[in-house]
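What follows is a short report on a single structure.
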Amino acid sequence: MSNQKEIKNLKTFSTAAERFEGSHVLCPGCAHSIIVREVLNATNDNLVVSAATGCLEVCTAIYPHTSWDCSWIHIGFENASTAIAGAETMNKVLRKKGRIPADTPQPKFVAFGGDGATYDIGFQFISGCFERGHDFMYVCLDNEVYANTGGQRSSSTPIGASTTTAPAGTVSYGEKKNKKDILSIMAAHGSPYVAQVAPNKWKDMVKKIQRGFDTEGPVFINAMSACTTEWRFKPDQTIEASDLATDSLVFPLYEIIDGTELNITYRPKNIVPVRDYLAFQPRFKHLFAPENEHIIEEWQKRVDARWEYLQRREEARV
Amino acid sequence: MNSKQMELNTVEVWDGNMANAQALRQAAVDVVAAYPITPSTATVENYASMHANGYVDGEVIMVESEHAAMSGCVGAGAAGGRVATATSSQGLALMIEVLYQASGMRIPVVLCLVNRALAAPLNVNGDHSDLYLTRDSGWVSLDSFSPQEAYDMTLMSFKISEHEKVRLPVISNQDGFMTSHTAQNVRPLSDEVAYNFIGDYKPLNAMLDFSKPVTHGVQTEHDWHFEHKAKQHAALMASKEVVKEVFEEFEKVSGRKYNIVESYGMEDAEVAIVCLGTTYESAILAVDKLKEEGIKAGVVAPRLFRPFPLVEIAQTLQNAKAVACMDRSAPGGTVGALYNEVAGALFNTSARPVLRNLIYGLGGRDMTINELCDIYRDLNKDAKAGKLTGKIQKLTGVRGPELSFYEL
Ligand SMILES: Cc1ncc(C[n+]2csc(CCOP(=O)(O)OP(=O)(O)O)c2C)c(N)n1
Ligand code: SF4
């Protein structure tokens, strides 16, 4: 892992040969496209990419068009991980058998899935791939909702969010459960590298992606992907929404190496109250009604406790 | 091949699962992704043992479910190599979503399907519920009636699947237990002859060919979806000729002749049954017995289940006066699938025989030669009367009061 690649600067990034073309129909302001572009541009190696059914897939490969200037496959909603595991295994076999010449550079294998595809329906498949130790990077585009089907809850949807299947109403404040702690679960699989990233902290993101690419074995990246349509902010506010998430510590940026070493990679200079993060997004609007204010307090307490926990773990190196 | 040579005798005693595994070994499959389920488990166990002992140089991925098995096969196949898996029943039901994705993406995959009943009630024995579940999935589907045939069909499946005019996944069916667990004499080809017969894998639009990036598994709307499906159907229909060619080539290397519709006694048959799987072999014995009684009986079995050989079935049945279509699957509120298919084949012909539908053998219940003889005798009554003497559908061999349905 010492051979970490130099992080390109913004200028080099903007002039790098694009592997993810702008010719897609993702919503203007969709963070998926920013993240995917930066993941693909973080390496010059050949890429084999799979995508789960979801916004990314339906908006970037509409026949006869494609945004992908690299090997790409979509099979279904749940199996992007297993698809790439199959391709990765085939690569090994064809090299062993000499059908791919030994001097052909090794490609990198990447699977993308939304939080629905990752936390829910595809979880078994990802778990299987990680347990078997396939050499690939799984990137979850975590917008905390099933966006492609119009805004239903997933097990990544945070408490208090109003979604179409967990709507806020006269007797409900919306989603009742806290977001699943996917990073801990993936680290517990024995993954050599797991990390949370966000597109507003792009240098941190690219550094982690490159580390992920340089790591052998299954790597998990949870990328916060602000969704203008479902979180209901204006398309030009994507980075602002992401800033609020990372600066309020609602979405802390950290990495776990070999399931033990935890590093916090971003410490906001001025920690923003969770209230500000919530106030920015109409999906939480109803929480500011007097009868729901306690949810905001709970949020803040949980975020504080989590931050405390992460810092302790970082110090303790366990 | 970098693998160790396996010494084979001219005649081996193999059951259907071993026959599958040996065919996979000789095809030098690159990736096998699989998950165990009775009665197909031993196909992968045998293969894994060959892998563990250096007789194959591909990779075995023991995934966490059948859905993942087929997903892994599609990913590995799209990457550019030869892939295979095996399953039965609930496993097939779990992977069915991906069957459509494999055929829609035109990825050659070979699936050894060891036919078994679908729950509930849970039952591990052989019937054709799972085979019928694959009907509209866009796969070529071949049927074998013995371990020898299972070996031959699985070998040929690779050649058919990868043929440039086909590029579609193929199912090699065999009856659970009746074939999969019955050891019989099998005459294998030598490794060299078998491998050369199938040929090297020629990748098309391989994800591992970086000179030409390719997008697999796109999204389509009404503007293109129909064209994609039409072309896929056309390829599946065209595969019939390829199957015939492959059967002919196989006869040259093995001396064993296969037809897309197998039949026995049909030259002068007045009464006939149409069936799938091992029942064919029992029916041959019944036919011989009935000939002695003066009943002109015959039996027809489509070896190619998909694409369904409508024309060949109609031709084979053209002189029959009464026909029973035997469906080894719970009918689910209509006549059996095979009945429907055969009725479809006969409807536009001038000689329309009386057609019965018999539901039989569910969950592995035996169909004896004596019972088959009784079926022929009933058919003979229909043939003599020139019309149906009972209801269209009968559940034969079921305990309790007689169950017959669909009166004209
Ligand atoms: C087996 C299956 N179930 C349901 C669906 C419908 N479906 C397609 S995309 C999707 C939601 C995607 O949500 P997520 O994974 O969070 O990705 P996003 O669209 O938010 O990027 C659903 C429910 C499907 N395609 N396949
Ligand atoms: S709905 Fe959200 S995730 Fe989907 S394309 Fe639009 S902004 Fe992106």
Side-chain angles (χ1 to χ4, degrees), chain A residues 19 25 45-51 53 57-100 104-105 107 109 111 121-122 124-129 131-132 134, chain B residues 1-3 28-33 35 57-65 67-83 95 97-98 100-102 104-105 107 200-201 203 205-221 223-225 227-228:
Chain A
R19 289 157 142 182
V25 294
D45 295 343
N46 284 320
L47 282 165
V48 186
V49 177
S50 73
T53 315
E57 171 264 328
V58 303
C59 296
T60 62
I62 308 175
Y63 186 84
H65 305 286
T66 182
S67 301
W68 302 87
D69 201 5
C70 58
S71 301
W72 187 89
I73 189 168
H74 156 254
I75 306 182
F77 188 17
E78 58 284 310
N79 48 13
S81 55
T82 319
I84 216 68
E88 181 257 349
T89 309
M90 186 58 80
N91 179 55
K92 270 192 202 141
V93 173
L94 296 187
R95 276 163 202 271
K96 190 170 75 182
K97 292 190 176 185
R99 301 227 301 273
I100 294 178
T104 314
F109 295 89
I121 195 169
Q124 170 193 302
F125 298 76
I126 299 168
S127 177
C129 288
E131 171 270 317
R132 293 190 299 275
H134 293 282
Chain B
M1 273 194 257
N2 300 319
S3 46
V29 173
D30 298 308
V31 173
V32 170
Y35 193 81
D57 56 2
E59 274 304 316
V60 188
I61 328 177
M62 285 312 293
V63 287
E64 78 292 343
S65 77
H67 193 298
M70 191 49 73
S71 304
C73 283
V74 173
R82 186 170 285 161
V83 294
M95 62 168 67
E97 182 199 18
V98 200
Y100 283 78
Q101 289 154 342
M105 277 191 241
I107 311 274
D200 290 341
Y201 186 81
N205 300 324
M207 287 202 292
L208 296 172
D209 172 7
F210 298 107
S211 63
K212 194 177 63 145
V214 56
T215 297
H216 285 280
V218 290
Q219 153 95 354
T220 57
E221 297 292 340
D223 55 348
W224 279 109
H225 192 76
E227 283 69 26
H228 275 98

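Basis for what follows: all heavy atoms, side chains included, without hydrogens, waters or symmetry-related copies. All of these numbers come straight from a predicted model, not from anything done at the bench.
- Interface residue B:Val63: backbone and side-chain heavy atoms are both found under 4.5 Å from chain A.
- Rounded to the nearest 0.5 angstrom, B:Phe210 CZ and A:Thr104 OG1 are separated by 9.0 Å.
- Going from atom CZ of B:Arg82 over to atom CG of A:Leu94 covers 11.5 Å, rounded to the nearest 0.5 Å.
- Annotation: the span from B:Asp209 atom CG to A:Ile100 atom CD1 amounts to 9.0 Å, rounded to 0.5 Å.
- Between the side chains of B:Glu64 and A:Ser127, no donor N or O sits under 3.5 Å from an acceptor N or O.
- B:Ile61 places a side-chain heavy atom less than 4.5 Å from the side chain of A:His134.
- Under the side chain to side chain donor-acceptor pair (under 3.5 Å) criterion, the residue pairs touching residues 70-80 of chain B are A:Asn79-B:Ser71, B:His67-B:Ser71, with sequence neighbours excluded.
- For residues 87-98 of chain A, the set of pairs meeting the salt bridge (charged side-chain N to carboxylate O under 4.0 Å, His left out) definition, not counting sequence neighbours, comprises A:Glu88-A:Lys92, A:Lys96-B:Glu59, A:Lys97-B:Asp30, A:Lys97-B:Asp57.
- In this structure, A:Tyr63 OH and B:Glu227 CD are separated by 9.0 Å, a value rounded to the nearest 0.5 Å.
- Separation of atoms CG (B:Asp200) and CZ (A:Arg99) is listed at 7.0 Å; rounding is to 0.5 Å.
- Atoms NZ and OG, on B:Lys212 and A:Ser71 in that order, are 10.5 Å from each other to the nearest 0.5 Å.
- No part of B:Val32 comes within reach of chain A, as not one of its non-hydrogen atoms sits under 4.5 angstrom from that chain.
- Neither the backbone nor the side chain of B:Ala33 comes within less than 4.5 Å of any heavy atom in chain A.
- Between B:Val83 and A:Met90 the shortest side-chain heavy-atom distance falls below 4.5 Å.
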